[in-house]
Amino acid sequence: MSVPVTGRASAAAAGESTWHAAWLPPAAFRELGSRPVLVHGDGLLVDTVLDEVSRACARYGGRVWHGPPWQVDADLVLALREAGPVPNAAAEAARLGATPAVNGSGDGGLGDEGYLLARTNGVTVVLADAPAGLLYGMFHVVRLGAAAFDDDLPARRHRPALDRRMLDHWDNVAVHPVSGQVERGYAGGSLFWRDGAARREPARLRDYARLLAACGVNAVSVNNVNVHDTEALLLTDRLGDVAEIAEVLRPYGIRVHLSVTFAAPVVLGGLPTADPLDDRVRAWWIDATRRVYQRIPDFGGYLVKADSEGRPGPFAYGRDHADGANLLAEALAPHGGVVRWRAFVYDHHQDWRDRSTDRARAAHDHFAPLDGRFADNVILQVKFGPIDFQPREPVSPVLAAMPATRLAVEVQATQEYTGQQRHVCYLGPWWSEVLRFRPRGEAGGTIADVAAGRAGAGGGLAAVANVGDDPFWTGHPLAQANLYAFGRLAWDPLLDPGAILDEWIDLTWLPVTTGDPEAVRRTMHAIMDDSWRTYERYTAPLGVGFMVRPGHHYGPDVDGYEYTPWGTYHFADRDGVGVDRTRATGTGFTGQYPPPWSEVYESRERCPDELLLFFHHVPYGHVLHSGRTVIQHIYDTHFAGVEEVAAMRERWRLLAGAVDPAVHDRVAERLDEQLRSAVEWRDQINTYFFRKSGVPDAHGRRIH
Ligand code: GCW
């Protein structure tokens, strides 16, 4: 390779792109790009590193060296250890583990994605054993900015806690009459598909892949888990489209997965059955999967929603979900692929008169008895809560019930139930709470440990994506922070969500692009830190959930679902509110938890306030741990929530002139809507419960 490598200007830099740079504006690379940099090693992902560094250096005056004749006095060395001696004394000493700084870091295996970052004898060194590690190490240097070149930078080995860090796109190829181009999408169209065909916009896709790699995501599924007719064909006739996407994402270390329909042997293969125990069906899957790997050798695997909300599945043939998942696993195993089988299975034809049916119980009832029966390459993907991505739910008991199964935790970045990217709702704190939860009490492991699995064999973390072709990627520009936080928490679930927000602010709102960086940081924190709790305050109270308008799920409708087949969620009457899920008098759901939570949740007295109405039906006068009655809590939080949103809006207004006007306008317009919506929530919830209970507000505020 010739020296030095000259970079090509990025499309964004040339002013060609119509989309925002999110957390990778060119200026984020200023520190790295203004120095002599040596890249050592070869491979597709090393080429990506080289390309990134070259572009940064072309812009900021640095130089890149790759291959002889070498410039040896680099400020930054990015090297694959296996590439052999590094022509830089400090870096070579680090590679050999001969420097105290590196020895002190416990330099053991770095794995496929890990790296060692150290500052030694005036050189910043990133060492990796595999190209992906070099890519992640480079993005770490970008994140640190000038601090990456401080002599007191601690030497540290970095490895992801979770091997699988995945975004699930609920994107349809053809616009669906009900769910549109992207099911539950609030950020415009799909990055992959438009009106029945592949978009073929590699420049934008490549930028997307960069954003994902820079926060640590390494897998995507490219189509909706509700697989309709056109999308079913991605497995066969339209496989070329998937291969093209894989081609663009691969240089950033992202493996493509596909949602498939369990009925594929019937709808695509013309077989009379999709019975998992039928030999013709098995042969069909084996053959179809072999063809997939012929086109996409690093294909990740299948994602399956079966027997759920009308999707086909093994129940139609009298088989269970282990039979179903193992069928696909058998076809994928020879190629190193996995089947990600979703545990989101429940009865959506309930009768509200039947008090014994409890949607919260469903996943555990169906799956816990199957523990130990799944093939090694099956990952059971479990929504983090027992219901459905509500702003507050207990952690799903399935995650504590299947020690012999590889489990993935699924969260929802797309804000279906958290304000649909019209409301600011930073979800980092919520996901962090879930990941740190210890289902067996203080002595046991965390949900993050469950996702990590033994020896890294866990299913990791998956999020339903919140991205689309919107110029700001996520509709609400501040919702980018959720995407970023997801990737970072999947890499290290113990990161502090406030610190993650700081990283995102630093990368996105660079001092050179803002009038007043400190004011920007203060304002972002003031608006976002507590925004999930604010959202919780003005919407459904105390964990009760689902008081949303049926269908689109935006805005309040207290009784919207109460008498529908989809489940009953609050049981409010003149005396009280909440769902009795106790063993003593209710649905028995509390019994799905191990101790101590089976006892804590069973007890009205011990149950945490924020989940009280999820587990108990209580009188309006019930006194919470906070000292307030339930009814007064409802009034107080709803008044407070609206005031907080009004304050957010005011704070944002003051940032006018300090941030990009297009971003400012977009956020301002969304905050207007958030305030309107919060007022609507407050008034409907307060009025509803005032009318039911007849209890006036202790502070005499206006309730309609
Ligand atoms: O929350 C529900 C959504 C559906 C979605 C389903 C699921 C893709 O309302 O739109 O379907 O969850 O997770 O499968």
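Numbering of ligands and ligand atoms starts at 1, following listing order. Starting from 1, each residue takes its place in the sequence as its number.
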Query raised in the report: Got a salt bridge between E231 and K305, using NZ or NE/NH1/NH2 to carboxylate O under 4.0 Å?
Result: no
Query raised in the report: Who are the residue neighbours of ligand 1 when the rule is a heavy atom under 4.0 Å from any of its atoms?
Result: W170, E183, R184, N224, V225, N226, K305, E309, R342, F344, K383, D388, E416, Y417, H553
Query raised in the report: Can a salt bridge be assigned to the pair D530 and R537 using a cut-off of 4.0 Å between side-chain N and carboxylate O?
Result: yes
Query raised in the report: Going by distance alone, is a donor N or O of one side chain under 3.5 Å from an acceptor N or O of the other, for D168 and Q381?
Result: yes
**Report entry** E433/R533 salt bridge by N-O under 4.0 Å criterion
**Finding:** yes
Query raised in the report: So, E410 and R340, do they make that salt bridge, N to O below 4.0 Å?
Result: no
**Report entry** Residues forming a side chain to side chain contact (heavy atoms under 4.5 Å, CB included) with H553, sequence neighbours excluded
**Finding:** R184, E416, Y417, Q420, F546, V548, Y561
